[in-house]
> 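Dropping a structure here in structure tokens format, bear with me for questions.
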Amino acid sequence: MDAQIISGKEISEQIREELRKKVAYLKDRGITPGLGVVLVGEDPASKIYVNNKIKACEDLGLKSKAVILPAEVTEDELLKKVDELNADPEIHAFLVQLPLPKHIDENKVINRIDPHKDADAFHPFNVGRMLIGDPIFMPATPHGIQEMLVRSGNDPAGKHVVIIGRSNIVGKPVAAILMQKGKGANATVTVCHSRTSNLQEIVKTGDIVVAAIGSPRFITKDMIKEGAVVIDVGTNRVEDATAKKGYRLVGDVDFENVKEVASAITPVPGGVGPMTIVMLMKNAISAAYKANNLEM
């Protein structure tokens, strides 16, 4: 079986084209959507993510504001920056890049963000709205996964979705989104995690498998049933002497072998990653519409 490759690059570009029209509509009315990003410290991966978000803003015509703070910034100083962004009328949505240094309480920072400017949709208010099926914003990666499934012709309705990973960022919200009664959802969802004793048996029952466990090539061919759709959320660095940088990025799925049994699969890189950025842009643009009492 030759698995369909679900390209996040291609699907995200489709969505970008749709968003360009939404931005043009706002600009015709004198409104420029604004996205803020707060980065604390010098974490290389976080710096790359922030740069990618700024580039996406430039590409779509959004105003961007990057707030770069040293790793030793105090919690009170960071909270003050959050308050400033909450009050800035030109910034319609913003996020604080995670993880934060250990001396800062991430929950306190997330709770300080105005829920109506919460680009990541991590605030408990937005998590609750999502859970009851009435979201203001959707978290970018889980929403991107839903869009990938629907736009690739793999609607989750009526399917058994097995999610490996129960994080607040991916596992839990993917489950909440796909079990809703509505378009692009209506799935039966099972969530597995590190304490699941019969993991292989459960994963093999999945019509759709979402791997978000953070372990390179953890999901192997013998764990996937014939014809399943596999969404790989993992991004792991593994040493590779043949690669220019001495390492390469791989997912949580053993891609080369799993694609032999799957009907469709996402690559790493080029799968879920590009979707996360474009869905974040969608949240920022949506926030600008809402702030101006416009229907997006």
Side-chain angles (χ1 to χ4, degrees), residues 1-16 140-165 167 170-171 173-175 177-179 183-193 196 198-238 240 242-243 247-279:
M1 178 187 295
D2 290 327
Q4 169 199 9
I5 304 300
I6 304 175
S7 171
K9 288 182 179 179
E10 292 179 7
I11 295 173
S12 66
E13 191 51 47
Q14 293 172 14
I15 297 171
R16 280 180 190 244
T141 299
H143 194 191
I145 290 168
Q146 182 184 41
E147 287 288 334
M148 292 182 91
L149 289 169
V150 172
R151 290 176 185 250
S152 65
N154 294 290
D155 195 305
K159 303 293 176 57
H160 181 204
V161 178
V162 176
I163 300 165
I164 307 106
S167 72
V170 180
V174 169
I177 289 169
L178 295 185
M179 72 169 64
K183 185 180 177 182
N186 289 313
T188 299
V189 180
T190 300
V191 179
C192 301
H193 45 76
T196 302
N198 53 338
L199 182 65
Q200 181 168 335
E201 292 87 343
I202 294 174
V203 174
K204 200 149 190 174
T205 66
D207 302 308
I208 298 171
V209 174
V210 180
I213 201 168
S215 182
R217 302 189 181 109
F218 182 87
I219 303 300
T220 54
K221 180 179 178 179
D222 58 345
M223 298 173 74
I224 301 296
K225 80 173 180 181
E226 191 88 16
V229 175
V230 180
I231 305 294
D232 191 350
V233 187
T235 304
N236 309 284
R237 284 190 182 189
V238 296
D240 186 344
T242 66
Y247 68 87
R248 69 176 62 253
L249 296 178
V250 302
D252 291 350
V253 175
D254 182 8
F255 178 85
E256 291 301 328
N257 290 310
V258 169
K259 73 178 183 179
E260 295 176 4
V261 295
S263 63
I265 189 170
T266 61
V268 176
V272 174
M275 296 299 297
T276 298
I277 297 290
V278 78
M279 300 316 290

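Bear in mind that the values here come from a model prediction, so they are computed numbers and not experimental data. Residue numbers count from 1 along this sequence.
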> Surrounding CD of Glu10 (heavy atoms of other residues, nucleotides or ligands, distance under 6.0 Å), is the total greater than 12?
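Counting neighbours around CD of Glu10, 12 or fewer heavy atoms of other residues, nucleotides or ligands fall under 6.0 Å, so no.
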> Provide the closest heavy-atom pair for Asp222 versus Lys204 in the form atom of the first, atom of the second, distance.
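The pair with the smallest heavy-atom distance is O-NZ, 3.1 Å.
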> Which is it for Ile224 and Ile219 under the side chain to side chain contact (heavy atoms under 4.5 Å, CB included) test, yes or no, and what are the steps along the way?
CA-CA 8 Å; Ile224 301 296; Ile219 303 300; 3.7 Å; yes
> Under 3.5 Å, side chain of Lys9 to main-chain N/O of Gly271, donor-acceptor pair present?
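Judged by distance alone, no pair lies under 3.5 Å.
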> Would you check if Val229 and Ser263 make a side-chain contact, meaning some heavy-atom pair closer than 4.5 Å?
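Side chain of Val229 against side chain of Ser263, heavy atoms only: contact under 4.5 Å found.
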> Which atom pair, heavy atoms only, marks the closest approach of Ala262 to Ala3?
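In this case the closest contact between Ala262 and Ala3 is O-CB, 3.3 Å.
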> Check Gly165 against Val191 and note the closest heavy-atom contact, atom names and distance.
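Looks like O-CG1, 3.8 Å.
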> Applying side chain to side chain contact (heavy atoms under 4.5 Å, CB included) to Val230 and Thr266, what does each step give before you reach the verdict?
CA-CA 7 Å; Val230 180; Thr266 61; over 6 Å; no
> Apply the side-chain contact (heavy atoms from CB on, under 4.5 Å) test between Phe218 and each candidate in Leu199, Asn236, Asp254, Val253; give the one that qualifies.
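When side-chain contact (heavy atoms from CB on, under 4.5 Å) is applied between Phe218 and each of Leu199, Asn236, Asp254, Val253, only Leu199 qualifies.
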> Which atoms form the tightest heavy-atom contact between Pro267 and Ile6, and what is the distance?
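Taking every non-hydrogen atom into account, CD-O, 3.2 Å.
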> Using modelled atom types and a 3.5 Å cut-off, is there a donor and acceptor pairing between side-chain atoms of Gln146 and backbone atoms of Gly184?
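Yes: the side chain of Gln146 pairs with the backbone of Gly184.
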> Report the distance from atom NE2 of His143 to atom CE of Met148, rounding to the nearest 0.5 Å.
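Spacing of NE2 (His143) from CE (Met148) equals 13.0 Å.
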> Looking only at heavy atoms, which two atoms of Thr205 and Val162 are closest? And how far apart?
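Shortest heavy-atom contact: OG1-CG2, 4.1 Å.
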> Going from CD1 on Ile208 to OG1 on Thr188, what distance comes out if it is rounded to the nearest 0.5 angstrom?
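Here the rounded value is 10.5 Å.
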> I'd like to check Asn257 versus Arg217 (side-chain heavy atoms, cut-off strictly below 4.5 Å). Are they in contact?
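They are not in contact (no side-chain heavy atoms under 4.5 Å apart), so the answer is no.
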> Any chance you could lay out the side chain to side chain contact (heavy atoms under 4.5 Å, CB included) test for Val278 and Glu147, step after step, and finish with the verdict?
CA-CA 11 Å; Val278 78; Glu147 287 288 334; over 6 Å; no
> With rounding to the nearest 0.5 Å, note down the distance linking OG1 in Thr141 to CD1 in Ile277.
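Answer for the OG1-CD1 pair, Thr141 versus Ile277, is 8.5 Å.
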> Can you check whether Thr235 reaches Val272 side chain to side chain, under 4.5 Å on heavy atoms?
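A side-chain contact is absent here, since even the closest heavy-atom pair is not under 4.5 Å.
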> Let me confirm one number: the NE2-OG distance from His193 to Ser167, rounded to the nearest 0.5 Å.
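Reported to 0.5 Å precision, the distance equals 12.5 Å.
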> When you measure from the side chain of Asp207 to the backbone of His160, do you find a donor-acceptor pair of N or O atoms at a distance under 3.5 Å?
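Side chain of Asp207 to backbone of His160, a donor-acceptor pair under 3.5 Å: yes, one is there.
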> Just do the side chain to side chain contact (heavy atoms under 4.5 Å, CB included) check on Val203 and Ile164 with the steps written out, would you?
CA-CA 8 Å; Val203 174; Ile164 307 106; 3.9 Å; yes
> Indicate yes or no: at least one non-hydrogen side-chain atom of Tyr247 is less than 4.5 angstrom from one of Val238.
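No, their side chains stay 4.5 Å or more apart.
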> Taking NZ, NE, NH1 and NH2 as the nitrogens, is one of them in Asp2 or Lys259 under 4.0 Å from a carboxylate oxygen of the other?
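No, no charged N to carboxylate O under 4.0 Å.
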> Between Asp232, Asp252, Ile145, which is the residue that forms a side-chain contact (heavy atoms from CB on, under 4.5 Å) with Val210?
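Per the side-chain contact (heavy atoms from CB on, under 4.5 Å) rule, the option paired with Val210 is Ile145, out of Asp232, Asp252, Ile145.
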> Checking Gln4 side chain against Ser152 main chain: does a donor-acceptor pair fall under 3.5 Å?
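It does hold such a pair.
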> Decide yes or no for Val161 and Thr190: does some side-chain heavy atom of the first lie under 4.5 Å from some side-chain heavy atom of the second?
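No, too far: nothing below the 4.5 Å cut-off.
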> How close do Pro156 and Val150 get, counting heavy atoms only, and between which atoms?
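For Pro156 and Val150, the tightest heavy-atom pair comes out as CD-CG2, 4.3 Å.
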> Which value, rounded to the nearest 0.5 Å, describes the distance between Lys183 atom NZ and Asp155 atom CG?
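It comes to 9.0 Å.
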> So do the side chains of Val209 and Lys225 get within less than 4.5 Å of each other, counting heavy atoms only?
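They are not in contact (no side-chain heavy atoms under 4.5 Å apart), so the answer is no.
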> As an exercise, state the distance from CD of Gln200 to OG1 of Thr220, rounded to the nearest 0.5 Å.
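Result: 6.0 Å between the selected atoms.
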